[in-house]
*Asks:* 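I have a structure I would like to understand better, so I am pasting it below and will then ask my questions one at a time.
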Amino acid sequence: MLKSRPDRYGTVAISIHWLTALLVLLLLMTGFQAADTNDSLAKAALLRWHIPAAFLLLVLTLARLVWWLRFDVKPRPLAQTWQTGLARFVHGAFYVVLLGMVASGIGMMVLSGAGPIVFGGAGSMPDFHEVPPRVPHGLGARLLVGMVLLHAGAALFHQLVMRDGTLRRMWFRR
């Protein structure tokens with residue numbers, strides 16, 4: 001079942017969701033590690049993972065938007081509560097923050113000139129703190145950590161406390 005049904009998500013939506021989740025975790029780990037190191041070689045090595053993963057995240061995010069807008073429909077909410085509106089807001093905020101993170105990351109790479117150094121050129125890594133997009137990128141990363149924790153917490157609340165099958169709807173069928 002590639003497309004979603006009224007009662008559960010389809011394979012395409014589920015795959016994009018979990019791949020995005022893994023990429024976000026990888027990006028947060030490599031991004032915070034790169035920000036915390038002063039070793040130019042270590043920073044470049046981390047960014048060699050970080051940048052392609054960010055590009056893949058961008059592709060998946062755009063594919064998800066196209067998938068929802070053009071080809072698929074979201075399943076019905078399990079119940080119409082205040083949580084339904086909050087969930088819509090949080091999911092929309094995820095798109096805004098993820099796209100903002102990609103945009104600020106591209107801005108950092110372009111304005112700092114780090115791209116050629118990261119991907120094999122000679123020289124030392126620039127100080128990203130001197131590049132204006134660094135501030136929104138760092139704030140976005142911290143915001144993203146909070147959003148991921150709240151999102152995971154809400155999913156666990158639904159699964160363990162409400163027992164409403166939310167996670168089952170968002171996992172692959174057996």
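The figures here come from the full heavy-atom set of this structure, side chains too, leaving out hydrogens, waters and symmetry mates. Note that the coordinates shown come from a computational prediction; the quantities given were computed from them, not determined experimentally.
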*Asks:* Once rounded to the nearest 0.5 Å, what's the spacing between atom NE2 of H158 and atom CZ of R168?
*Replies:*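 Going from NE2 on H158 over to CZ on R168, the span is 13.5 Å.
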*Asks:* Going hydrophobic residue to hydrophobic residue with side-chain gaps under 4.5 angstrom, can you get from L27 over to L98?
*Replies:*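 Yes, it is one cluster - the side chains of L27 and L98 are joined through contacts under 4.5 Å.
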*Asks:* L139: which other cluster members, linking ILVMFWY side chains closer than 4.5 Å, directly or transitively?
*Replies:*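 So far as hydrophobic clustering goes, L139 is joined with V135.
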*Asks:* Kindly compute the distance separating CG (D72) from CD1 (I16), expressed to the nearest 0.5 Å.
*Replies:*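 If we round to the nearest 0.5 Å, D72:CG and I16:CD1 are 9.0 Å apart.
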*Asks:* Got a sec, which pairs hit ring-ring contact (aromatic ring centres under 6.0 Å, His included) with one end in residues 18-42, sequence neighbours left out?
*Replies:*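 Matches after skipping sequence neighbours: W18-W171.
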*Asks:* How long is the span from the CG atom in L19 to the CD1 atom in I14, to the nearest 0.5 Å?
*Replies:*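 Between L19 CG and I14 CD1, I get 12.0 Å after rounding to 0.5 Å.
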*Asks:* Taking transitive links into account, so neighbours of neighbours count too, which hydrophobic residues share a cluster with F55 at under 4.5 Å side-chain distance?
*Replies:*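 In the cluster with F55 are V59.
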*Asks:* Out of curiosity, L111 CG to R134 CZ, how far, rounded to the nearest 0.5 Å?
*Replies:*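 If we round to the nearest 0.5 Å, L111:CG and R134:CZ are 14.0 Å apart.
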*Asks:* Side chains of D164 and T166 only: does a donor on one sit below 3.5 Å from an acceptor on the other?
*Replies:*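 Short answer, yes.
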*Asks:* Pair M147, L143 - check side chain to side chain contact (heavy atoms under 4.5 Å, CB included), show working.
*Replies:* CA-CA 6 Å; M147 291 173 65; L143 180 60; 3.9 Å; yes
*Asks:* Hey, quick one: are V148 and F89 part of the same hydrophobic cluster, counting side-chain heavy atoms closer than 4.5 Å, chains of contacts allowed?
*Replies:*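 The answer is yes; both residues are in one hydrophobic cluster.
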*Asks:* Can you tell me if CZ on R48 sees more than 12 non-hydrogen neighbours from other groups inside 6.0 Å?
*Replies:*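 Count over threshold, so yes.
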*Asks:* Quick check against the 3.5 Å criterion: does T37 have a side-chain atom that pairs as donor or acceptor with the backbone of A34?
*Replies:*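 Pair absent, no side-chain N/O of T37 close to backbone of A34.
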*Asks:* So, applying side chain to side chain contact (heavy atoms under 4.5 Å, CB included) with V97, which one of L144, V24, V102 is it?
*Replies:*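 The passing option is L144.
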*Asks:* So, K74 side chain and W68 main chain: donor-acceptor pair closer than 3.5 Å or not?
*Replies:*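 Checking the backbone N and O of W68 against the side chain of K74, no donor-acceptor pair under 3.5 Å is found.
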*Asks:* Decide if atom CG of N38 counts as having more than 12 heavy atoms of other residues, nucleotides or ligands within a radius under 6.0 Å.
*Replies:*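 Result for CG/N38: open.
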*Asks:* State the CG-OG distance between D39 and S124, to the nearest 0.5 angstrom.
*Replies:*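 Nearest 0.5 Å value for the CG-OG distance: 11.0 Å.
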*Asks:* Are F94 and H151 close enough that their ring centers fall under 6.0 Å?
*Replies:*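 Distance test on ring centres: under 6.0 Å, yes.
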*Asks:* Hydrophobic clusters here meaning ILVMFWY residues chained together by side-chain heavy-atom distances under 4.5 Å, can you tell me if V118 and L56 are in one?
*Replies:*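 They do not share one cluster, since no chain of ILVMFWY contacts under 4.5 Å joins V118 to L56.
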*Asks:* Distance-only, no hydrogens or angles: does the S40 side chain make a donor-acceptor pair with backbone N or O of M125 under 3.5 Å?
*Replies:*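 Between the backbone of M125 and the side chain of S40 there is a qualifying donor-acceptor contact (under 3.5 Å).
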*Asks:* Is a side-chain donor or acceptor of H91 paired with a backbone partner of A87 at a separation under 3.5 angstrom?
*Replies:*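 Yes.
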